[in-house]
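What you see is a predicted model; the values in this text were computed from it and never measured.
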Protein chains: 2
Amino acid sequence: MPTVSSEELAAAAGVNSAKLRKDFSYLGSYGTRGVGYDVEYLVYQISRELGLTQDWPVVIVGIGNLGAALANYGGFASRGFRVAALIDADPAMAGTPVAGMPVQHTDDLEKIISDNGVSIGVISTPAGAAQQVCERLVAAGVTSILNFAPTVLSVPDGVDVRKVDLSIELQILAFHEQRKAGEEASDDGVVPPVAAKQQRKGPDGDVPAVMPA
Amino acid sequence: MPTVSSEELAAAAGVNSAKLRKDFSYLGSYGTRGVGYDVEYLVYQISRELGLTQDWPVVIVGIGNLGAALANYGGFASRGFRVAALIDADPAMAGTPVAGMPVQHTDDLEKIISDNGVSIGVISTPAGAAQQVCERLVAAGVTSILNFAPTVLSVPDGVDVRKVDLSIELQILAFHEQRKAGEEASDDGVVPPVAAKQQRKGPDGDVPAVMPA
DNA sequence: CTATCTTTGTGCACGCGTTCACAAAGACAT
DNA sequence: ATGTCTTTGTGAACGCGTGCACAAAGATAG
């Protein structure tokens, strides 16, 4: 029986072994003292807890480049997701196969949701259409929404929304890149108030009018 | 002079006003007691600290659906990013305009990086090509990489990599969806400390350390 | 100039998550 | 059986980030 110790797993994941054991303990006592964790059993238990063993039908609304990329993304199936339908508002796209699946028109959205028992929807429409699509999804019974459109969606209580901003990660990289570049000048992250204030350009310095949203 | 108080900002952002003030204080003393923060000045200071005022040329390697979606993504320009080049290994794509910009061939990767002073690269190739592309980018001088390919890249010290897995957010939604469903049925199990913050994501998201692939 | 009012900037205390450290549990050898 | 050895599961201590509460600072009015 192949096993792993919390120590091995912790080293591999780069975390503290005690924390890992405590985390596992929330799922139950699946380890054997003096031996470790049965790999296969542990994988199954974690998979079950995370919902990987269930089948989650999802719909993708908005089949532009991003929607098509998502439809083709291989990582979904292996994590228990099944793309039940691709939906787009453009009548010209209806019937066009994307990732081996015909695109359906927005008119049929409610029926598709209902027929497939979909509770998770992915929105990859332009920003302008997102809120309206969101409302139709929710009205049709969707209770979790993954939003790729650059808008904050407003939803009733009980509906989960997660917003994915593709530029945020890039932003973080740029932030660290800036740190790397400016490290030789001021060592610490905390900039002394006086020094920082002195970096201000004149009252008429080139100041951007609006913070990018 | 238009101003905002920490109280107003905190209410809008849904956070504690003291925390917000303390956070701002790390950037310097930009507020005026009894008045608040000068909006324009504050925006500029935050923008500068985050690197939004700099121009970051980036290259996107792998112009499939995802690469095209990224090239068309409007959020980049407003955050200080400039797509310097689109690169693909397919000779048939060379010259094809995507997002108003001709796709260039991988052969010219090094020259493109060098000529444009690019230090940030985006990889949206298939998994099999990612590591090789990564190595060429690094050799050419790139020190930050945003990886959309479903592979873990190995890089030398001093190079930052951030991996974006489009299915992770979906995974999190499914996890909570499962919770919703199982909540009314059995409430006896121990509930692990998982906090779901709507439309907000930590640096690494609230994803468990260990997860089966 | 003094008084009053508003809001910042921050010392301090509290709470929560992480880590330490060890007793308990099981495997395995004798 | 009994003892030794390994590794889990967890109580307790620690440390860090968050939030409270207030003095300091500046605006504004009299």
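- Residues passing the salt bridge (charged side-chain N to carboxylate O under 4.0 Å, His left out) test with B/R33: none are found, sequence neighbours excluded.
- Rounding to the nearest 0.5 Å gives a distance of 6.0 Å between CZ of A/F24 and OH of A/Y37.
- In this structure, the CG atom of A/L20 is 12 Å from the P atom of C/dT18, given to the nearest Å.
- With sequence neighbours excluded, no residue forms a side chain to side chain contact (heavy atoms under 4.5 Å, CB included) with A/A11.
- For B/Y37, a side-chain nitrogen or oxygen approaches OP1 or OP2 of C/dG9 to under 4.0 Å.
- Distance CD (A/E7) to P (C/dT19): 13 Å, rounded to an integer number of Å.
- Across all strands shown, A/S29 has heavy atoms under 4.0 Å from sugar-phosphate atoms exclusively, and none from any base.
- Regarding A/L27, its CG atom lies at a distance of 13 Å from the C1' atom of D/dG9, rounded to whole Å.
- Scanning for salt bridge (charged side-chain N to carboxylate O under 4.0 Å, His left out) contacts around A/E110 gives A/R136, with sequence neighbours left out.
- Rounded to whole Å, atom C1' of C/dT6 lies 12 Å from atom CZ of B/R21.
- Regarding contacts with the backbone of C/dT8, a side-chain N or O of B/S6 is found under 4.0 angstrom from either OP1 or OP2.
- A 6.0 Å sphere centred on CD of A/E40 holds no more than 12 heavy atoms belonging to other residues, nucleotides or ligands.
- Looking at B/W56, its side chain never comes within 3.5 Å of a backbone N or O of A/E177 through a donor-acceptor pair.
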Per-nucleotide protein contact string for nucleotides 14-19 of chain D (B base, S sugar-phosphate only, - none; heavy atom under 4.0 Å) = ----SB
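- Checked against side-chain hydrogen bond (donor to acceptor under 3.5 Å, both in side chains), B/S5 has the following partners two or more places apart in sequence or in another chain: B/E8.
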Sequence-aligned protein contact record of nucleotides 23-30 of chain D, with B where the base is within under 4.0 Å of a protein heavy atom and S where only the sugar-phosphate is = -BB-S---
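- Of the N and O atoms on the side chains of B/Q45 and B/E49, not one donor lies less than 3.5 Å from an acceptor on the other residue.
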